[in-house]
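See structure below.
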Amino acid sequence: MMDRSEAARRVLRDNDRGGYTVPTDRLYPFQWNWDSAFVAMGFATFDTGRAWSEIAWLLRGQWEDGLVPQIVFHAPSDDYFPGPEVWGIRRDPPTSGITQPPVLATAAHRVLAADATEAGEARMAAIYPRLRDSHRWWAAARDPAGTGLVATLHPWETGMDNSPAWDRALDRVPVTTRTEIRRRDTSHVDPAFRPRAIDYQRFIHLVEVFRDAGWEPGRMLAASPFRVADVGTNAILLRAEQDLLELAARFGTPAEAAEIAARIARMEAALESLWDEGRGCYLPRDLISGESIPFRGSAGFLPLFAGQARHAAALAGTLEGWGKSVRALVPSTDPGDALFEPLRYWRGPIWAVVNWMVAEGFRRCGQEAMAGRVAGDTRGLIAAEGFSEYFDPLTGQGIGGGTFSWTAAIWLLLGG
Ligand code: DGY
């Protein structure tokens with residue numbers, strides 16, 4: 001029988017479409033931004049050449065202004081909605097026009113560590129300017145006022161599409177669409193595990209707002225009825241800036257390093273402003289009302305991944321508390337929240353990629369016991385259920401799509 005690590009490598013190979021990897025067959029038939037970053041790190045544990053290629057293929061979709069899109073449509077497929085015709089972006093390859101949590105510089109940094117050779121340095125030297133441009137895009141397009149917090153304009157950009165965190169902010173988004181919604185996901189996966197029809201109406205309405213804004217960042221920012229500071233995106237970006245700063249020292253100029261360091265200082269201070277002492281967690285903010293969103297989810301632990309250690313003990317305490325009502329950590333929603341749904345996508349299930357970042361964060365911030373527990377739970381789930389898209393925190397059951405690339409990558413990153 002194939003051992004689990006061999007099976008993980010097989011999943012990555014099977015989901016390879018000739019240089020890039022699909023998240024899973026059929027349900028997600030294109031290249032996704034943050035999926036590919038984790039996949040590159042997973043490949044780096046056994047095939048660094050393939051890891052570099054994953055990044056290079058994603059960057060084929062990068063826009064001139066630096067945007068790294070959420071999806072790159074390398075090859076046609078009828079298995080997914082919304083496809084390129086809904087986005088209406090004429091590029092080669094076609095892409096969507098929004099982004100996703102920026103794990104990419106962190107991934108490239110890690111691939112280089114696994115491939116500390118002259119060839120690896122050459123690959124990195126070619127990629128570094130693209131990463132630099134993508135971080136400049138985040139600052140210019142999503143934080144033009146220099147607050148230190150970037151705005152997210154679509155729940156798909158947070159990667160945590162239907163998290164209860166966005167429920168109230170989404171109330172502002174009309175449910176009307178000009179586009180006919182022809183979902184494919186619910187023919188691949190039980191609809192009870194997926195976002196609801198009304199969520200999709202709002203998701204597509206937002207796409208239409210941005211299409212009408214001509215995909216121009218300033219107009220999108222002004223026109224979007226959904227604008228939030230997501231803890232996850234901001235923490236992941238801060239971590240990516242730290243990794244980019246190390247790369248800039250080797251592949252960039254002193255002026256670029258100074259520019260990145262200045263952004264880091266601003267972001268560290270701003271991220272701390274999202275801490276909520278009473279709730280013992282970092283909370284997202286609605287950037288239209290200016291109000292804090294009183295929702296505790298797995299993203300609330302991610303500042304640890306960026307080395308924000310000040311509240312590490314309190315966060316370990318919060319998670320310890322959650323652990324009393326679930327079988328495994330980390331549920332995507334506080335299990336004590338009335339909106340917790342253990343089976344529905346980002347409203348409760350455990351996601352291996354978030355767990356890996358949370359475990360890394362606790363370790364980086366000196367909370368070894370909690371780091372070990374989260375990593376151990378993640379390994380336990382995958383060992384028992386395989387490379388599922390996500391897991392029920394109450395039973396440990398694997399749900400959503402099967403043979404998922406990023407779950408396989410996390411198994412390898414956790415030591416195989
Ligand atoms: C989807 O279509 O479910 C994806 O999460 C969008 O990125």
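One-based numbering along the sequence shown. One-based numbering, in listed order, for ligands and for the atoms of each. Heavy-atom basis, side chains included; hydrogens, waters and symmetry copies ignored.
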* Asked: What is the nearest protein non-hydrogen atom to atom 6 (C) of ligand 1, stated with its residue, atom name and distance?
  -> Q70 NE2, 3.4 Å
* For W32, is at least one N or O under 3.5 Å away from an N or O on ligand 1? -> yes
* Asked: In the protein, what heavy atom is nearest to atom 2 (O) of ligand 1, and what distance, to one decimal place, separates them?
  -> Y80 OH, 2.6 Å
* Asked: Numbering the atoms of ligand 1 from 1, which are under 4.0 Å from a heavy atom of W156?
  -> 6 (C)
* To do: Quick one: do D79 and R184 satisfy salt bridge (charged side-chain N to carboxylate O under 4.0 Å, His left out)? Show the steps, please.
  => CA-CA 6 Å; D79 276 322; R184 300 282 196 272; 6.0 Å; no
* Once you round to the nearest 0.5 Å, how far does NE2 of H135 lie from CG of L245? -> 11.0 Å
* Among all protein non-hydrogen atoms, which one is nearest to atom 4 (C) of ligand 1, and what is the separation to 0.1 Å? -> D161 OD2, 3.5 Å
* Between the side chains of Q62 and S134, is a donor N or O closer than 3.5 angstrom to an acceptor N or O? -> no
* **Atom pair CG/CZ of L170 and F226 - distance to nearest 0.5 Å** => 5.0 Å
* Heavy-atom contacts with Q100 under 4.0 Å: which atoms of ligand 1 show up? List them by number with element. => 7 (O)
* Hey, which of R227, R168, R172 is the one that makes salt bridge (Lys or Arg N to Asp or Glu O under 4.0 Å) with D286? -> R172
* Min heavy-atom dist Y345 to ligand 1 below 4.0 Å -> yes
* From CG (L112) to CZ (F251), nearest 0.5 Å -> 5.0 Å
* Pairwise side-chain contact, R9 with L412, heavy-atom cut-off 4.5 Å (strictly under) -> yes
* List every atom of ligand 1 that sits less than 4.0 Å from any heavy atom of Y28, numbering the atoms from 1 in the order shown and giving each element. => 1 (C), 2 (O), 3 (O), 4 (C)
* **Which segment of E157 sits under 4.0 Å of ligand 1 when only heavy atoms are counted** => neither
